[in-house]
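Everything on this sheet refers to the single structure shown next.
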Amino acid sequence: MTTQVTEATVPFDEAMAAFDPVMGLEVHVELNTATKMFCGCPTEFGAEPNTQVCPVCLGLPGALPVVNEKAVESAIRIGLALSCSIAPWCRFARKNYFYPDMPKNFQTSQYDEPIAFDGHLDVELEDGTTYRVEIERAHMEEDTGKSLHVGGSTGRIHGATHSLVDYNRAGIPLIEIVTKPMTGAGERAPEIAKAYVATLRDLLKALGVSDVRMEQGSMRCDVNLSLMPKGSSTFGTRSETKNVNSLRSVERAVRYEVGRHAAVLSSGASVVQETRHWHEDTGITTPGRVKSDAEDYRYFPEPDLVPVAPSAETVEALRGTLPEPPAARRRRLQASWGFADLEMRDVVNAGLVDLVEETVAAGASPAAARKWWSGEIARRANAEGVDVPTFAASLGVTPAHVVELEGLVTSGRLNDSMARQAWDGVLAGEGSPTAVADARGLALSQDTGALEAAVDAVIAANPDVADKIRDGKVQAVGALIGQVMREMKGQADAGAARALILDRLGQS
Ligand code: ADP
Ligand code: MG
Ligand code: ZN
């Protein structure tokens, strides 16, 4: 049993009427290097516990670390992509504290000499405006191991009978990206926090430096938040909500903390500077450690590692490897696809950019790629709580299927409603669109005799409508097409029916 004391909160709008939020986001991202930060152990996710360890990452006496060159390159590329300055010379530092999942009793990190500092990231919001997030620093460090608390009901240490530690993750390269305090966000603070993390994730993905899987923990976010009374510019005391590990949770955590801080401050009390735990299920935070500014990790420069001193040429060469920034890429693709702003935003928000690009490359029209990936499959992926590319991959549905489906429509074999049925079959694992259409007997009638007979019968049965069309009221044809469709049990080609009706009534 956990006891979550629910603290008072003020409704968000009410809080915003009295206070301005200040936010700071700390994002930890695991690099996808083949080996760990300071040793040659592999980094693959999901191995048997404690099979990817060595004297260095277990902190055994006398073991000597060596810096992973690839990780330093990734750190510099991240820094450059965030428009940071790159330190020509910097060191690692020991951050001393005890925790069972950290076998050395210190974390090798960077303190006052980060590899990258003073950057920014422009974040595009839903309404099309841009908010610039100032980046304080991006520094290199190593991950800890993982503790598993057994016997309790929640997986937390309370109520557990014993704990297990897995050191496979200990020493995996991490980059911590810290923003400067974000001000002026106002009521858009929750949206901006979420958009920042999403934008950062896209950028890291485009750089190819990390899996950036929030659900697997390869990207983790801590949310710092404080409030200032409106009109004041003195920062309030912050809380630091740890491990907020989905985009939606980042937004919710900011919203919740705004309401909680407002309640504390409005009651005349003071906010305690502390870390907080985020509860995904209830959407609230609960107190963690009280943190004072005097917290002392006794940082000192790591004596076992040489300084990192990338030459200007190295930095420039790495700058040359930066990908097209995701925002620029989106604008380029939108222009080439001919999507309206709203259509593009939907595609972006649904995480469909890569999939649409692949589908267009495979031969589909942009409109068809957008239509099929953002329809039924997106609805179902959403219900499952996964993104469309992951969901499509799990179903074995590929861009080639969309190309094939579109071909069945343009060749005149299927109309739109038949194509939807064929797609349903594809999603249900019944095979390719053609296989589904064959198995379900989906095909427009190619029988021109039957179409002519149906058209003539419908015209004869509706002399008034027919007269209107003869007189030039062409829009009345819709009613007749519907009846022809019914006559032919939905297998008529609507375009052909329309042409034939107009022809019969002297309007072609
Ligand atoms: P810590 O080691 O305590 O986590 P960091 O410097 O790593 O401190 O990160 C602190 C984060 O909190 C930064 O993103 C910073 O911009 C932000 N921050 C600092 N002061 C405040 C404040 N008063 N309100 C909100 N955020 C703040
Ligand atoms: Mg920190
Ligand atoms: Zn190792």
Side-chain angles (χ1 to χ4, degrees), residues 19-28 33-44 47 50-60 63-68 93 95 97 103-104 107-112 114 117-121 133-139 141-143 145 167-185 189 192-193 196-197 200 220-228 232-244 250 253-254 257-258 261 265 270-276 288-297 299:
F19 299 99
D20 282 325
V22 177
M23 295 188 294
L25 296 170
E26 298 167 75
V27 171
H28 285 89
T33 51
T35 56
K36 292 187 180 179
M37 189 74 212
F38 303 113
C39 63
C41 289
T43 53
E44 263 147 73
N50 298 309
T51 55
Q52 299 176 341
V53 290
C54 74
V56 172
C57 55
L58 287 177
L60 301 188
L64 282 176
V66 177
V67 175
N68 182 331
K95 181 180 184 181
Y97 63 101
K104 296 188 296 192
Q107 179 188 31
T108 307
S109 181
Q110 294 196 288
Y111 182 47
D112 47 0
F117 52 94
D118 286 349
H120 59 82
L121 181 63
V133 176
E134 303 289 343
I135 305 293
E136 168 92 35
R137 63 177 195 271
H139 70 246
E141 58 184 36
E142 58 178 334
D143 213 343
Y167 291 115
N168 283 350
R169 200 179 67 178
I172 289 195
L174 283 184
I175 304 297
E176 178 174 346
I177 300 160
V178 183
T179 70
K180 293 187 177 158
M182 295 152 73
T183 55
I192 287 173
Y196 165 69
V197 178
L200 185 58
R220 316 195 278 271
C221 182
D222 300 341
V223 174
N224 294 269
L225 186 119
S226 65
L227 296 182
M228 310 186 277
S232 162
S233 54
T234 310
F235 292 174
T237 303
R238 68 183 157 115
S239 59
E240 181 181 350
T241 304
K242 306 294 267 184
N243 294 322
V244 188
V250 169
V254 170
E257 280 296 288
V258 163
H261 280 238
L265 296 171
S270 309
V271 171
V272 180
Q273 184 170 348
E274 62 188 357
T275 65
R276 312 233 355 141
R289 275 179 300 131
V290 171
K291 211 170 170 179
S292 68
D293 278 329
E295 187 170 58
D296 188 359
Y297 289 113
Y299 278 101

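All ligand and atom numbering here is 1-based and tracks the order in the structure. Throughout, numbering of the chain's residues begins at 1 and tracks the sequence.
When only interatomic distances are considered, the shortest N/O to N/O separation between L225 and ligand 1 does not fall below 3.5 Å. The distance criterion of under 3.5 Å between nitrogen or oxygen atoms is met by S226 with respect to ligand 1.
Against a heavy-atom cut-off of under 4.0 Å, P181 is close to the following atoms of ligand 1: 16 (O). Each of the atoms 13 (C), 14 (O), 15 (C), 16 (O) of ligand 1 lies under 4.0 Å from some heavy atom of T179. Atoms of ligand 1 found under 4.0 Å from any heavy atom of G236, numbered from 1 in the order shown, are 23 (N). Counting the atoms of ligand 1 from 1 in the order shown, those under 4.0 Å from a heavy atom of R137 are 6 (O), 7 (O). Close approach of ligand 1 to E240 is summarised as follows: ligand atoms under 4.0 Å from at least one heavy atom of the residue are 3 (O), 4 (O). Near V178, meaning under 4.0 Å from any of its heavy atoms, are these atoms of ligand 1: 9 (O), 13 (C), 14 (O).
Around atom OH of Y299, more than 12 heavy atoms belonging to other residues, nucleotides or ligands sit under 6.0 Å away.
Comment: E257 engages R276 in a salt bridge, judged by a side-chain N to carboxylate O separation of less than 4.0 angstrom. One finds a salt bridge joining D118 and K180 here, because a Lys/Arg side-chain nitrogen approaches an Asp/Glu carboxylate oxygen to under 4.0 Å.
Rounded to 10°, the angle formed at the Zn ion (ligand 3) by C54 SG and C57 SG is 120°. An angle of 110° is found at the Zn ion (ligand 3) between C41 atom SG and C39 atom SG, rounded to 10°.
A donor-acceptor pair under 3.5 Å is absent between the side-chain atoms of T237 and the main chain of Q273, judged by distance alone. Between the side chain of K36 and the main chain of Q52, a donor-acceptor pair closer than 3.5 Å is present. Between the N243 side chain and the R220 main chain, no donor and acceptor come within less than 3.5 Å of each other.
Distances from atom 10 (C) of ligand 1 to the heavy atoms of H261, R238, H139 show the closest one on R238. Compare K180, E26, M23, E136 by their heavy atoms: the one nearest to atom 7 (O) of ligand 1 is in E26.
Here OG1 of T43 is found 12.5 Å from CE of M37. Values are rounded to the nearest 0.5 Å. The OH atom of Y196 sits 10.5 Å away from atom CE of M23, with the distance rounded to the nearest 0.5 Å.
Heavy-atom distances between K242 and ligand 1 stay at or above 4.0 Å for every pair.
T35 and N68 are linked by a side-chain donor-acceptor pair at a separation below 3.5 angstrom, with hydrogens and angles left out of the test.
Contact annotation for D222 and ligand 1: no heavy atom of the residue comes within less than 4.0 Å of the ligand.
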